[in-house]
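To keep things clear, I will list the structure first and then write my remarks on it.
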Amino acid sequence: MRILRAADYTGERAWDADHIASIDGATVRLHWTDEPYVWHVNDGDEVFAVLDGVVEMHVRSDGEVSVHRLEVGDVFYADAGTEHVAHPDGPARILVVERAGSV
């Protein structure tokens, strides 16, 4: 058993993660960041839940970019093949569930 207080977690660098669990081939991690990630396409499904802070999720589809503001409690689901990049607005803590080893 383990209890985490997301607001207390801080990584040493952007996108550091505390590995919480591996469940049936998926990883559950708490990420801390204060910088954008990089554009990427996951090779599996991804669930991205904002636990602290604000994140602007940029999604590219057919050459068009849309931006979605995610606040505490909001969940973003990216199915395999969704091109996206997260841009935090200040420090943010995000719970990410994805296939183990997903790129």
Side-chain angles (χ1 to χ4, degrees):
M1 187 189 113
R2 193 172 163 209
I3 296 173
L4 300 166
R5 304 231 183 272
D8 294 339
Y9 176 66
T10 302
E12 293 180 19
R13 64 185 182 285
W15 294 101
D16 266 355
D18 183 346
H19 178 84
I20 297 169
S22 295
I23 303 170
D24 293 333
T27 60
V28 180
R29 293 181 287 188
L30 174 61
H31 288 269
W32 174 89
T33 189
D34 60 353
E35 296 179 16
Y37 199 62
V38 295
W39 280 101
H40 66 287
V41 176
N42 292 78
D43 55 3
D45 293 349
E46 175 184 35
V47 175
F48 184 102
V50 178
L51 301 180
D52 185 58
V54 174
V55 176
E56 289 190 349
M57 184 64 73
H58 299 235
V59 179
R60 187 165 25 217
S61 179
D62 298 324
E64 298 290 322
V65 175
S66 57
V67 179
H68 309 276
R69 184 177 175 86
L70 304 174
E71 298 179 358
V72 173
D74 290 342
V75 176
F76 172 77
Y77 166 71
D79 56 346
T82 301
E83 187 176 13
H84 60 287
V85 61
H87 287 256
D89 183 1
R93 280 92 176 166
I94 303 117
L95 188 71
V96 176
V97 180
E98 62 188 346
R99 182 171 44 189
S102 183
V103 189

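Both backbone and side-chain heavy atoms feed into the values below; hydrogens, waters and symmetry mates do not.
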ask   = Applying the side chain to side chain donor-acceptor pair (under 3.5 Å) test to D18, which of H31, R29, R2 qualifies?
value = R2
task = Please report the closest heavy-atom contact between G81 and V41, naming both atoms and the distance.
result = CA-CG1, 3.3 Å
ask   = Would a hydrophobic clustering, with Ile, Leu, Val, Met, Phe, Trp and Tyr connected at side-chain separations under 4.5 Å, put W32 with V38?
value = no
task = Fit a plane to each ring of W15 and F48, take the angle between them on a 0 to 90° scale, and name the class: parallel (under 30°), tilted (30 to 60°) or perpendicular (over 60°).
result = tilted
ask   = How long is the gap from CD on E83 to CG on D62, to the nearest 0.5 Å?
value = 11.0 Å
Single-linkage hydrophobic cluster, 4.5 Å side-chain cutoff, V47 and I20 together = yes
ask   = Which pair of non-hydrogen atoms, one from T33 and one from P88, has the smallest distance, and what is that distance?
value = CG2-CG, 3.8 Å
message = Using a 3.5 Å distance criterion without hydrogens, assess whether the side chain of D45 forms a donor-acceptor pair with backbone atoms of A80.
response = yes
query = With sequence neighbours excluded, what pairs up with V54 under the side-chain contact (heavy atoms from CB on, under 4.5 Å) test?
reply = R69, E71, D89
message = Holding to side chain to side chain donor-acceptor pair (under 3.5 Å), I want the full list of residues that pass it with H84, two or more places apart in sequence or in another chain.
response = H40, N42, E46
message = Using side-chain contact (heavy atoms from CB on, under 4.5 Å), reason through Y9 and D52 one step at a time and then give a plain yes or no.
response = CA-CA 10 Å; Y9 176 66; D52 185 58; over 6 Å; no
ask   = Quick one: do V59 and Y37 end up in the same hydrophobic cluster if we chain Ile, Leu, Val, Met, Phe, Trp and Tyr together by side-chain heavy atoms under 4.5 Å apart?
value = yes
request  = May I ask whether I94 and V75 are part of the same hydrophobic cluster, defined by side-chain heavy atoms of I, L, V, M, F, W, Y residues being less than 4.5 angstrom apart, directly or through others?
outcome  = no
ask   = Applying the 4.5 Å side-chain criterion to the ILVMFWY set and letting contacts propagate, would V50 and F76 be lumped into a single cluster?
value = yes
key: Taking every non-hydrogen atom, the tightest pair across A6 and R93   = O-CG, 3.2 Å
inquiry  = Show the nearest heavy-atom pair for residues V55 and A86, with the distance to one decimal.
reply    = CG1-CB, 3.8 Å
